[in-house]
Amino acid sequence: MALALREAERAFLEEEVPIGAVVVSSTEEILAVDHNRTRQLNDPTAHAEILTLRTSAQGQNNFRLPGAILYVTIEPCLMCAGAIIQARLGKVIYGAADSKAGALGSLYDISSDSRLNHRFEVIKGVLESECRELMQRFFKVRR
């Protein structure tokens, strides 16, 4: 999570919403590290989670990443949760909850919805205060 938090800090410096993500394989190999780049890329899908999933899938030459773990500083949104399901990740570990858009427990709980064809483990609150503080600082500066 510390690596994801460093990526979030990079996003902050680039005036992107400070969310960082890391994908680690089932064999504990770091597959991808990235941060939000929606403004830089003019791409509404360029969330940290999506970017790391894309890079990981390309590097593995497989759109499925079974057993992989996603570390992300803020609870993933609905779009990212959908991508996590499609990638068949085994686990998501996140820092701070997102009460306005979170899809892994806050607004929705996509991770354990029995109507879907894949479920995954979620661990919440890792480096939570650091992740939350960075987001709060970003929005305080921007307002």
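For the numbers below, each heavy atom of this structure counts, side chains included, while hydrogens, waters and symmetry mates do not.
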Legend entry - side-chain contact (heavy atoms from CB on, under 4.5 Å) assessment of Arg10 paired with Phe12: CA-CA 5 Å; Arg10 285 185 60 196; Phe12 182 95; over 6 Å; no

Inset, instruction - List the steps, then state whether side-chain contact (heavy atoms from CB on, under 4.5 Å) holds for Thr45 with Arg54. - result: CA-CA 11 Å; Thr45 69; Arg54 283 181 186 155; 3.1 Å; yes

Inset, instruction - Kindly indicate, with the supporting measurements, whether the criterion side-chain contact (heavy atoms from CB on, under 4.5 Å) is fulfilled by Tyr94 and Glu128. - result: CA-CA 8 Å; Tyr94 71 80; Glu128 180 177 12; over 6 Å; no

Legend entry - Evaluation steps, side-chain contact (heavy atoms from CB on, under 4.5 Å), between Val24 and Leu31: CA-CA 5 Å; Val24 177; Leu31 300 178; over 6 Å; no

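Using a 4.5 Å heavy-atom cutoff, the side chains of Val23 and Thr55 are not in contact. Side-chain atoms of Pro44 and Thr38, non-hydrogen and from C-beta on, never get closer than 4.5 Å to each other. Two residues are said to be in side-chain contact when any heavy atoms from C-beta on lie closer than 4.5 Å; Met135 and Ile19 meet this criterion. Taking the side chain as every heavy atom from C-beta outward, Leu70 and Thr52 approach each other to under 4.5 Å. Residues Cys77 and Asp98 fail the side-chain proximity criterion, which asks for heavy atoms closer than 4.5 Å. Using a 4.5 Å heavy-atom threshold, the side chains of Arg132 and Leu134 count as separate. Ile30 has its side chain within reach of Leu3: a pair of non-hydrogen atoms, C-beta onward, lies under 4.5 Å apart. Here the side chains of Val92 and Val72 are in contact, with some heavy-atom distance below 4.5 Å.
By the 4.5 Å side-chain criterion applied to Ile, Leu, Val, Met, Phe, Trp and Tyr, Met79 is assigned to a cluster that also includes Ile50.
With hydrogens and angles ignored, the 3.5 Å screen pairs a side-chain donor or acceptor of Asn36 with a backbone N or O of Ala48. No donor-acceptor distance shorter than 3.5 angstrom exists from the side chain of His35 to the backbone of Glu16, with no hydrogens or angles considered. Within the 3.5 Å criterion, the main-chain N or O of Gln86 finds a donor-acceptor partner in the side chain of Arg64. Within the 3.5 Å criterion, the main-chain N or O of Gly105 finds a donor-acceptor partner in the side chain of Glu75.
Taking Thr27 as the reference, Ser25 meet the side-chain hydrogen bond (donor to acceptor under 3.5 Å, both in side chains) condition, with sequence neighbours excluded.
The SG atom of Cys80 sits 12.0 Å away from the CD1 atom of Ile110 when rounded to the nearest 0.5 Å. Atoms NZ and CD, from Lys140 and Glu133 in turn, are 9.5 Å apart once rounded to the nearest 0.5 Å. Note that CG of Leu116 is 9.5 Å distant from OG of Ser111, once rounded to the nearest 0.5 Å. Atom OH of Tyr71 and atom CD1 of Ile123 lie 7.5 Å apart (nearest 0.5 Å). Between atom CD of residue Glu14 and atom CZ of residue Arg37 there is a gap of 8.0 Å, rounded to the nearest 0.5 Å.
Contact between Ser99 and Leu107 at its shortest, heavy atoms only, is O-CD2, 3.5 Å. Counting all heavy atoms, side chain and backbone alike, Cys131 lies closest to Gly95 at SG-CA, 3.9 Å.
In summary, Glu9 and Arg6 do not engage in a salt bridge, as defined by a charged side-chain N under 4.0 Å from a carboxylate O.
Phe63 and Leu89 end up in different hydrophobic clusters when Ile, Leu, Val, Met, Phe, Trp and Tyr side chains are linked at under 4.5 Å. Neither Leu51 nor Ile74 shares a network with the other; the hydrophobic side chains, linked directly or stepwise wherever heavy atoms of I, L, V, M, F, W or Y lie under 4.5 Å apart, form separate groups for each. A chain of hydrophobic side-chain contacts below 4.5 Å, direct or via other Ile, Leu, Val, Met, Phe, Trp or Tyr residues, connects Met1 to Phe138. Phe139 and Leu5 fall within the same hydrophobic cluster, where Ile, Leu, Val, Met, Phe, Trp and Tyr residues are linked whenever their side-chain heavy atoms come under 4.5 Å apart, directly or through other members.
Counted within 6.0 Å of CD on Glu15, heavy atoms from surrounding residues, nucleotides or ligands total 12 or fewer; the atom is thus considered open.
Each of Thr73, Ile93, Val33 was checked for a side chain to side chain contact (heavy atoms under 4.5 Å, CB included) with Val22, and the lone residue meeting it is Val33. Of the candidates Glu28, Glu121, Lys91, Lys91 is the only one forming a side chain to side chain contact (heavy atoms under 4.5 Å, CB included) with Ile69.
Within the structure, every pair that satisfies the salt bridge (charged side-chain N to carboxylate O under 4.0 Å, His left out) test and touches residues 100-120, not counting sequence neighbours, is listed here: Asp113-Arg115.
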